[in-house]
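The structure appears right after this line, and notes come after that.
For ligands, and for the atoms within them, numbers begin at 1 and follow the listed sequence. Everything numeric in this text was worked out from a predicted model, so none of it was measured.
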Amino acid sequence: MIEKKLELRKLVIYYSFEGNTKFIAENIAKITDADLAELKPKKELTSKGFMKYIWGGSQVMMKKRPELYPLEKNPEDYDIIFIGTPVWAWTFAPPLSTFFHSNSLQNKKIALFSCNRGQNGKTFENMKKELEGNDILGEIELFDPLLKDKNKNLQKIEEWIKGMFINL
Ligand SMILES: Cc1cc2nc3c(=O)[nH]c(=O)nc-3n(C[C@H](O)[C@H](O)[C@H](O)COP(=O)(O)O)c2cc1C
């Protein structure tokens, strides 16, 4: 079923601070035969422990749009785009904000994924606001997938993808 959709060009765009979203992004790319494009801030957060929440949370509150390195792929070249983020302060992380404001995606099929610690908040709602004019195929949130149950999480995303692709 997934193979039948190979003629559609697929891209996985993501930001990841601590590797969870990267892990999911790489596996979505493997499962769907998609290209990968990582959002890389020129100045990355270096705080650890509790300070990272203060630093990252304040970036969200101040609506920061960190400068990113150029994206390695052009989203315009793709039909289906997966977009993934860690949840920061109940929404998407600031590098996604930079991406949304420098790329105006239209008429794409888009699937959203997030990694969190149990509180997704308005992450998908806010992403969808930025993505008006596109067809949102689905969304999925995963609880720190690197922490435990890696295989269970991989199974979960495989099922999610199958469910979305069957309707294409
Ligand atoms: C600055 C900051 C804010 C966070 N805010 C939330 C939050 O609001 N809700 C939540 O469930 N997890 C929150 N987390 C936890 C991360 O979303 C979670 O650990 C995620 O899996 C990390 O993904 P990553 O490894 O790709 O960076 C926060 C983490 C950081 C660093």
Worksheet item: For atom CH2 of Trp90, is the number of surrounding heavy atoms from other residues, nucleotides or ligands below 6.0 Å larger than 12?
Response: no

Worksheet item: Should we say atom CD of Glu67 is surrounded by more than 12 heavy atoms from elsewhere, each under 6.0 Å from it?
Response: no

Would you say ligand 1 has an N or O under 3.5 Å from any N or O of [X]?
| X | result |
| --- | --- |
| Ser16 | yes |
| Arg117 | yes |
| Gln119 | yes |
| Phe17 | yes |
| Val87 | yes |
| Tyr15 | no |
| Asn120 | no |

Give the numbers and elements of all ligand 1 atoms closer than 4.0 Å to a heavy atom of [X].
| X | answer |
| --- | --- |
| Gly56 | 1 (C) |
| Glu18 | 24 (P), 25 (O), 27 (O) |
| Gly118 | 11 (O) |
| Asp144 | 18 (C), 19 (O), 20 (C), 21 (O) |
| Pro86 | 22 (C), 23 (O), 24 (P), 27 (O) |
| Thr21 | 23 (O), 24 (P), 26 (O) |

Worksheet entry | Closest approach of any protein heavy atom to atom 1 (C) of ligand 1, naming residue and atom | Lys52 O, 3.3 Å

Practice prompt. Write out the residue and atom name of the closest protein heavy atom to atom 29 (C) of ligand 1, then the distance separating them to 0.1 Å.
Written response: Tyr53 CE2, 3.4 Å

For [Y], is there an ion pair with [X] - N to carboxylate O distance below 4.0 angstrom?
| X | Y | answer |
| --- | --- | --- |
| Lys128 | Glu132 | no |
| Glu141 | Lys156 | no |
| Asp144 | Arg117 | yes |

Worksheet, complete the sentence: Between the CD1 atom in Ile140 and the CD1 atom in Ile157, the distance rounded to the nearest 0.5 Å is 7.5 Å

Practice prompt. With heavy atoms under 4.0 Å as the rule, classify the contact between Cys115 and ligand 1 as side chain, backbone, both or neither.
Written response: both

Worksheet item: Looking at Glu7 and Asp79, what are the two nearest heavy atoms and their distance?
Response: O-OD2, 4.4 Å

Item to complete: Take the angle between the ring planes of Phe165 and Phe82 and call it parallel below 30°, perpendicular above 60°, tilted in between.
Response: tilted

Fill in: Within 45° cone of Phe17 ring axis and under 6.0 Å: Lys52 NZ or CZ
no

Worksheet entry | Beyond-backbone contact of Phe92 with Pro86, side-chain heavy atoms, under 4.5 angstrom | no

Worksheet entry | Heavy-atom proximity to atom 30 (C) of ligand 1, best of Trp90, Trp88, Phe143 | Trp88

Item to complete: Out of Gly19, Ala89, Gly57, indicate the one that has the non-hydrogen atom closest to atom 5 (N) of ligand 1.
Response: Ala89

Practice prompt. List the steps and the verdict of side-chain hydrogen bond (donor to acceptor under 3.5 Å, both in side chains) for Asn120 and Asn116.
Written response: CA-CA 6 Å; Asn120 212 52; Asn116 63 35; 2.9 Å; yes

